[in-house]
Amino acid sequence: MRGSSILGVIVVIWLIIGAIAAGQRGYYSGDDTNCAEAGTILVTIVAGPLNYIGANPKVDCELPEPSK
């Protein structure tokens, strides 16, 4: 049971570091968030400390147009 709680703490710290990196890159300041911006924020948070050793994840997504 103790090992799983330690792993949980490590995961939370990992995600907090990723959220800080996204904030330092100014990803939270945009007013109109689209698919690519939201995806980039998400993968930056998941990348966690890897952001500080050169990772710069970006997401490019295109949503399908509705039929006419």
Side-chain angles (χ1 to χ4, degrees):
M1 185 74 111
R2 185 170 170 137
S4 64
S5 64
I6 292 173
L7 181 62
V9 169
I10 290 172
V11 168
V12 168
I13 292 171
W14 182 280
L15 295 175
I16 290 171
I17 292 171
I20 291 169
Q24 289 175 336
R25 291 181 178 163
Y27 291 162
Y28 300 132
S29 63
D31 290 336
D32 55 333
T33 303
N34 61 30
C35 173
E37 290 173 0
T40 299
I41 291 170
L42 183 63
V43 296
T44 300
I45 292 172
V46 171
L50 299 176
N51 289 293
Y52 294 102
I53 60 170
N56 190 11
K58 300 279 184 186
V59 173
D60 183 29
C61 58
E62 295 181 23
L63 298 175
E65 295 292 324
S67 59
K68 295 182 180 186

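Count residues from 1 along the sequence. Computed from a predicted structure; not experimentally measured.
- Every residue meeting the side chain to side chain contact (heavy atoms under 4.5 Å, CB included) condition with I10, not counting sequence neighbours, appears here in chain and number order: I6.
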Review item, side-chain donor-acceptor pairs of residues 52-61, under 3.5 Å, at least two apart:
residue, atom, partner, partner atom, Å
Y52, OH, Q24, OE1, 2.7
N56, OD1, R25, NH1, 3.1
K58, NZ, Y27, OH, 3.1

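- Under a hydrophobic clustering in which Ile, Leu, Val, Met, Phe, Trp and Tyr are joined whenever their side-chain heavy atoms come within less than 4.5 Å, directly or via other members, L7 and I13 fall into different clusters.
- Side-chain atoms of W14 never come within 3.5 Å of backbone atoms of P49 as a donor-acceptor pair (strictly under, hydrogens ignored).
- Of all heavy-atom pairs between T44 and N51, the closest is O-ND2, 2.9 Å.
- No continuous path of ILVMFWY side-chain contacts below 4.5 Å connects Y28 to L42, so the two sit in separate hydrophobic clusters.
- Hydrophobic clustering, with ILVMFWY side chains joined whenever heavy atoms are under 4.5 angstrom apart, groups I41 together with V11.
- In the hydrophobic cluster analysis, where Ile, Leu, Val, Met, Phe, Trp and Tyr join through side-chain heavy atoms closer than 4.5 angstrom, I20 is grouped together with V9.
- Of all non-hydrogen atoms in A22 and I45, the two that sit nearest each other are CB-CG1, 4.5 Å.
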